[in-house]
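When reading the values below, keep in mind they use all heavy atoms of this one structure, side chains included, and skip hydrogens, waters and symmetry mates. Here is how names work: the chains are called A, B, and so on, in the same order as the sequence lines, proteins then strands, and each is numbered from 1.
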Amino acid sequence: MTIHSSESQDSRTSSNFLRDIIAEDVCTKKYGDAVIQTRFPPEPNGYLHVGHAKAICINFILADEFGGKTNLRFDDTNPEKEEQEYVDSIQRDVRWLGFEWERLCYASDYFGQLYEWALQLIRAGKAYVDDLSAEEIRQHRGTLTEPGKESPFRNRAIAENLDLFQRMKAGEFPDGSRVLRAKIDMASPNLNMRDPVMYRILHATHHRTGDEWCIYPMYDYAHGQSDSVERVTHSMCSLEFADHQPLYRWFIENLGIFPSQQIEFDRLSVTYTLLSKRKLLQLVQEKRVSGWDDPRMPTLSGMRRRGFTPEALRAFVLTAGVSRTNGIVDIEMLEHFQRDDLNRRARRAMAVLRPLKLVIDNYPEGQQEFVEVANNPEDPTAGTRQVPFSREIYIEQDDFREVPPPKYYRLSPGKEVRLRNAYFITAQSVIKDATGSIVEVHCTYDPASRGGNSPDGRKVKSTIHWVSTAHAISAEIRLYDKLFSTPDPGDVPEGGSFLDNLNPASLEILADAKLEPSLAEAQAGDQFQFERVGYFCVDPDSSEIRKVFNRTLPLKDSWAKIEKKAGA
RNA sequence: UGGGCGAUCGUCUAAUGGUAGGACAGUGCCCUUUGGAGGCACUUGUCUAGGUUCGAAUCCUAGUCGCCCAGCCA
């Protein structure tokens, strides 16, 4: 497994109850000398999202801490919802997160064994074939407060059950006509124990086993036994399966097989984010987003395309922690870890998103020069590069105000600022178009301030970025914001839909940003900090002649805060 | 209204009968050739009521509130 030692160290600094349980089991030799074994068991019916990242990290990192192993197992017991596309994407995403599994498994690997075990339970008088319809089974189940009623088929002879079940497998009966049920207790206060269905008839083609089977095991019958086959010692799953634990144990005990144990923990929730597979699928199918990897999606593939990094995701998930409470983590925490990671690693570049032309009147026409710029001030080993400078440059529209508001330190008439790594300039005049908008700012520069410092020790209050007009490359910039505009988008009033909470401004496209020429070399996936603006990465939609950049996150903007406060 | 699980700063999470700590967010100051980054400081919390104890976030009792469960989904 590929995790950095510093990370597992970090995760160790703070305790969590899962680690405590494993440590206790190791200490008491609950599983003898057997190795700690975990598994990450997604159903291949959708793409992995940031919530899965938590389950992945927990399973892989915890096992690793105890010298154990982790399998990737596809819980593929429902052929109607599962596809190879999802199997492929899940493997890609787990690897991208930085983990390598011990074994790649499928619940469908165990269909034969599961069938044999079902026969064993029938022979023991602990399972029976029920002819009731789905509707009748539902009615017999009782309610939360009333016990269920036994099916009239519950006490069928063992030989008849055996015969019927074998014929179910042989394909003699249509879908829905019969099921195999465990014979437990129709009066149990736990609905999962009221003779749960073990097998249903489904004449569907499975993405791996094809038409080999027409009966498929239910989750409850397949999961624990799959764990047991793989000798999983700690089967960690989310809280909603807590009610299934007695059934998980019932099957294992009545089969007399390896005693895997289920432990539940809380799912990850993040503000302004939806992690329901059903709803994410709906966003894709209704084309509310461009696909599973739309950079606004909370899927791992979407976040990867957006520019999120596995290092940041792991640090976030580990720091958010694990417990048994239903909380919702502030998305700012995720963003913090992403900025923290990129701040350390991302190369800096100058890019003007919304260009305003600026002319330096006393800079010789036709002259050009190169200024030396650090690739990453946080990392001297990243080196420097030469950036062309000339008489006409682009600056950000936001960096000039004809009438500066209070505390505005950037360019305005008569004010002097620093052009990053270049010269001090002072704004002298503006040129406006017919509608009165400023189309050009004219300045003078101080030739003695080359590099960004004046020999007389004169200070300026701000530094702005720039790109030489003659050398700039044009690019498309996609500014992504939160997909939803409310902290809990799934929380919808009566009659409403989560779609009502979609943020209409989640994507803004800037068709003609001006970038420093070095960015022409950037390749898909490359990540940058555009100084003073934010973190960006090259989108795969880019071509040789035209780059497309995705904004991962903006930089923290304290001016925006000042402005907002003044406005309020 | 049956069963299960849970409740600690605004948010997430530690403290396992012995100083309520960390992270994010927020606030202020310092520093700064990114209004970035960084540094320093500060604010805010044990659901309620009883009880046990020298001592309770932790144990007990009773409440309150929240989440999950009635698929031939997982």
Report the residue (A/Tyr408 or A/Tyr219) whose heavy-atom-nearest nucleotide on RNA chain B is the more 5′ of the two. A/Tyr408
Take A/Glu146 and A/Val179, find for each the nucleotide of RNA chain B with the closest heavy atom, and name the residue whose nucleotide sits nearer the 5' end. A/Glu146
Is any NZ, NE, NH1 or NH2 atom of the basic residue among A/Glu396 and A/Arg354 found under 4.0 Å from an Asp or Glu carboxylate oxygen of the other? no
A/Glu240/A/Arg267 ion pair, N-O < 4.0 Å: yes
Is the gap between the ring centers of A/Phe530 and A/Tyr535 under 6.0 Å? no
Check for me whether the distance between the ring centres of A/Tyr219 and A/Phe241 falls short of 6.0 Å. yes
Would you say a side-chain N or O of [X] is under 4.0 Å from OP1 or OP2 of [N]?
| X | N | answer |
| --- | --- | --- |
| A/Lys556 | B/U34 | no |
| A/Ser323 | B/U13 | yes |
| A/Ser462 | B/U34 | no |
| A/Arg324 | B/G6 | yes |
| A/Arg200 | B/G71 | no |
| A/Arg532 | B/G35 | yes |

Considering only heavy side-chain atoms of A/His336, the closest of B/G28, B/C72, B/C24 is B/C24
Does the base of [N] carry an N or O that pairs as donor and acceptor with the side chain of [X] under 3.5 Å?
| X | N | value |
| --- | --- | --- |
| A/Asp243 | B/G3 | yes |
| A/Glu378 | B/G36 | yes |
| A/Glu332 | B/U11 | no |
| A/Arg410 | B/G35 | yes |

Are more than 12 heavy atoms from other residues, nucleotides or ligands located less than 6.0 Å from atom NZ of A/Lys415? no
Answer yes or no: are there more than 12 heavy-atom neighbours, outside A/Arg347 itself, under 6.0 Å from its atom CZ? no
Using whole Å, what does the distance between atom [atom2] of nucleotide [N] and atom [atom1] of [X] come to?
| X | N | atom1 | atom2 | result |
| --- | --- | --- | --- | --- |
| A/Arg138 | B/C72 | CZ | P | 10 Å |
| A/Glu135 | B/C72 | CD | P | 11 Å |
| A/Phe173 | B/C72 | CZ | P | 19 Å |

Using atom P of each nucleotide, how far apart are B/G10 and B/U46 to the nearest Å? 8 Å
B/G45 and B/U58, which share atom name C1', separated by this distance in whole Å: 16 Å
Anti or syn, where syn is a glycosidic angle within 90° of 0; which label fits B/G71? syn
Side-chain donor-acceptor pair under 3.5 Å between A/Ser133 and A/Glu135, yes or no? no
For Watson-Crick and G-U wobble pairs within 3.5 Å on both distances, what is RNA chain B written in dot-bracket notation, | included for inter-strand pairing? .((((((..((((....[..)))).(((((.......)))))....(((((..]....))))))))))).....
